[in-house]
Every structure is written in structure tokens, then in C-alpha cells.
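Take a look at the structure set out below.
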Number of protein chains: 2
Amino acid sequence: MAPPLYQVVMNTIVDRIASGSLPSGAMLPSETQLGAELGVSQGTARKALMELEARGLVQRVQGRGTFVTVRTPETSLFNFFRLRNPDGTLESPRLEWETVRRRAATPGERAELFGRPESVIEIERVRSLAQRPVTHEVSVVSAALFPGLADRVPLPNTLYVFYQQAYSVIIVRADERLSAQAVSEASAKALGVPAGTPVLEVRRRAIDVLDRVVELRSSQSLTDQHDYFVSVS
Amino acid sequence: MAPPLYQVVMNTIVDRIASGSLPSGAMLPSETQLGAELGVSQGTARKALMELEARGLVQRVQGRGTFVTVRTPETSLFNFFRLRNPDGTLESPRLEWETVRRRAATPGERAELFGRPESVIEIERVRSLAQRPVTHEVSVVSAALFPGLADRVPLPNTLYVFYQQAYSVIIVRADERLSAQAVSEASAKALGVPAGTPVLEVRRRAIDVLDRVVELRSSQSLTDQHDYFVSVS
DNA sequence: GAGTGGTCTAGACCACTTT
DNA sequence: AAGTGGTCTAGACCACTCC
């Protein structure tokens, strides 16, 4: 019934991070201090911090301390933008254009997104690699969870860093479904390729540190000059 | 310089598993026994076992013990065959046909595969889902590492379980590069689809518990009725 | 009841970073 | 020198499985 103490400690820290009281890059209390503060032993505080590091929420450095993981555009791209050059290197994509609009949620979006929103914000973007449009993507988030987002265009290049800094919504993982399709009419126009071109379609559910589905994203990418990299185990 | 004791314990166990002296499903010594045997404390033995569990190499059950992870065709498919129904469920693919041949390694295969083999074994297969051919795949392994493999046709449905049982080669993870392509001539014939059909191409490097690249696999799949599922973080 | 892993504590020493 | 995380130990008690 009662959760182990180290999980209580973990939840305490997660809440502090999600509430913004421990902002990105902040140093956490030492193992000894944390244990004293929460009434557990140093070893138990240590176990909690190690689990949080395994989840990627904090980073620990011997001799320096434990810090809330900093998500920069670079690290965010590395984790969530998986198109790579044939040799495996990552090239930063360029944002060609975007449109942001508010609209009513579809029944499917209501069912999948956290909070069952009536109203959503849709972000449509085209990204380029090597001077060439390669990805056309449409992201959808709850309007209630991201108030005023539509008024902040142009949005930063990496949305997940922006979600964290402006709304304390921390994306930690995503489920993706991939398929090869003939390019859609909209994407053909956006990418400037003929009808029938094969594209990699990715449908993503992005999940935050509180385990909520906070964004749905669908993209179509040209993969004649780049590959989508992934590791399975 | 000196590795921590728990890593020494880990390596000892990995070697026992890789050598077959701890076969699939075998029970490991208890934390106390293992510590006594290797001259470390129970806590250190415990840490080693927990790390191995995190890597998926062993499974621990309270009250029962620690066991070498059993890889069944089901668990292997679940991990390494990522095509799923639209609702996310996994349907077991049927092996339609296979051909196995021995041939000289290409320069690229020599460079990538463990042991720089001169000679490789190539396994070509077509798999079906719902009575319909969906995947055409070609796997390549070192002939030296898998002696006599070509003489054992027909091979079992799930190669990675077979590698482990017959050769003590334990595949633990794989790197994959995905792209959307127009179907190749060979795959079009194998899958019975017209030229130009978009297919999901996956190029895989399979890596074993000793961190060796032991198999290269390239596949083309129809994804009009199934999706490739993956989780990123 | 005996044996297993899971949690928790208390303390020690080491390696590293910073002042 | 002080403070941090990393390793290691020894012991306790709990929860669970099996006989």
C-alpha cells in the first residue's frame, strides 16, 4: 500500500521541477541535505536521485552536485528530431515557415490529449535540411494547457524547450507510429514534390513528466537524402 | 583505473551467460551466495544484479530469485519486430519462404560485421501478416561466427532465439535507419506489389551482449495496413 | 519455516570539483 | 580544506514464494 520512501522522495522532487520551483539547471540539495529535509537516510535520498538521473530528469556530477537537466535546442533536437545524414551526423533543420491557429478539437484529439480539450492550437511547419524542404509537420496542443500560445508567434524553433520555459510542461518521451506513404496533397504542396513521392509519415504522441499526453504531431518527411535513426532493445 | 567491484561482478555474470554456463532460464546464486563466492558484500552483489536486470539480461522476482532472461519467439518478436496493427496489438507474422546461401562478404559487410568476415551467410525471407506478404528482408551474418548455419535450413521463425540457443550469441539491441522508398525490384516481386509502391525500408545493425555487430539486416515492408511502433526519449 | 529479493539505515572511505 | 557524488560494507526488517 504505502509507496517506498525513495519513491516519495522522487515524487517530491518531480513536483518541484514540474511546478517550476526547481527550474532548469538549478542545483538540488545534496544527498545528505535532502535526506535530513525529508526525514530519510542519505542512502534513500541517493536512490531517489539515481532513479531520477536514469529517467533523464536530473544530471549528477561527482564533486559538483545534482542539477535539473537543462534542455537546450541542441539536446531537444538530438532526442526528438531523428532525421540524420547518411553518416549519422545531425544537421540542424531550418524553420521555413509556420502558421498557428486556434480551432475546435476533433473527437480523436479530445480523446487522446490530456484534459479532453474543447479547443486546440494547431502549429503547422515546414523544416529544411541543406537548403531543401524535407519535413511538413502539424502539431496540436490543448489551448487550455498553453494559454496565449497563439499570440506568441513566431514560436521558437524547438517547441519542447519553449513548452518547458514558458509553461513548465516538460516533454520526456514520445510514442511514434511510422509508415511509408505516398505524399499527401498538402505535404506535396508544402515540400514542392510531385504527387506519389514516397514519404515517411510519423504520428507522435508526446508525453510529459507527469505522464500526460500533451501534444499530437503528424509529419511527413522526404527520406531520399536522410534517414530516421532509432535504437531498439 | 581499477573498475568498481560491482562491475567486476557484472562482467563475471555476463561471461557466464555468454559462454553458456548460465543458460537461458537458469537461476543465479542469491545475492548473499554471489557475494560470498566473489568476495564482496551482499550489497555490492545486489547492485550488480540490479544493473543486469536494467539491461534486460536477467529477471528478478521477489521471493523466487534471479534468472537469466528467457527469450521466447514471443518476447523476441515483441522487441525486434515492430510492425503493429493500427490499434497497437502485435500479430504473429508467418514465414512464407526463405532461402539461405553462403557468399563472399562485400567490403561494407566486412567493415561493419564483427570479425571482418571474408565469407557470410545470407538469409532472405518473406513474412506475412493476415494472409498477405508484408515484409521482404535480407539478413547477413558472419559465416565464421555461425558455423554450419547454412546446413540447418529451414531455420526457426525467430532468428535471434536461434542464435542464442545454437550459438550462444545473444542479441540485446539494434540500431536502425528507416526511410520511405519506392519498392525495389526484388521486393516488388517478393511482395507481389506494383513498381512504385511506397515501402518502409529498415537497415538494421544487430548488436550482442558482448557489444559486437553480429548481423546486418535490410527489409522493406508494406505499411498501408500496419505501422512501425517506436518510443523515443 | 526457510529462502529469496525489496527497502532502509548508518557509517566508512575514495575521487573529484571548487574555493 | 570543504563539499559533492561514487563505492562498499554490515546489518536490520519486510514482503513474497515455495515447501
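Here is how names work: the chains are called A, B, and so on, in the same order as the sequence lines, proteins then strands, and each is numbered from 1. Since the structure is predicted, the reported quantities are computational estimates derived from the model, not experimental observations. Note that these values count all heavy atoms, side chains included, but never hydrogens, waters or copies made by symmetry.
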Under 3.5 Å, is there a donor on one side chain and an acceptor on the other for [X] and [Y]?
{"X": "A:Ser128", "Y": "A:Glu96", "value": "yes"}
{"X": "B:Thr223", "Y": "A:Ser179", "value": "no"}
{"X": "A:Arg127", "Y": "A:Thr135", "value": "no"}
{"X": "B:Arg60", "Y": "B:Thr66", "value": "yes"}
{"X": "B:Asp15", "Y": "B:Ser19", "value": "no"}

Original post:
Between A:Phe81 and A:Arg204, is there a cation-pi geometry (under 6.0 Å to ring centre, at most 45° from the normal)?
Top reply: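 Judged by the rule (NZ or CZ under 6.0 Å from the ring centre, within 45° of its axis), A:Arg204 is not positioned above A:Phe81.
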
**OP:** For each nucleotide in nucleotides 1-9 of chain D, reading 5' to 3', give B when a protein heavy atom comes within less than 4.0 Å of its base, S when such contact involves only the sugar-phosphate, and - otherwise.
**Re:** --BBBBBSB

Subject >> Bend angle of the helix from C:dG1-D:dC18 to C:dT18-D:dA1, from helix axes over five pairs at each end, nearest 10° >> reply: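 Rounded to the nearest 10 degrees, the bend comes out at 10°.
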
Original post:
Taking all non-hydrogen atoms of both residues, which atom of A:Val214 and which atom of A:Val141 are closest, and how far apart?
Top reply: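 In this case the closest contact between A:Val214 and A:Val141 is O-CG1, 3.5 Å.
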
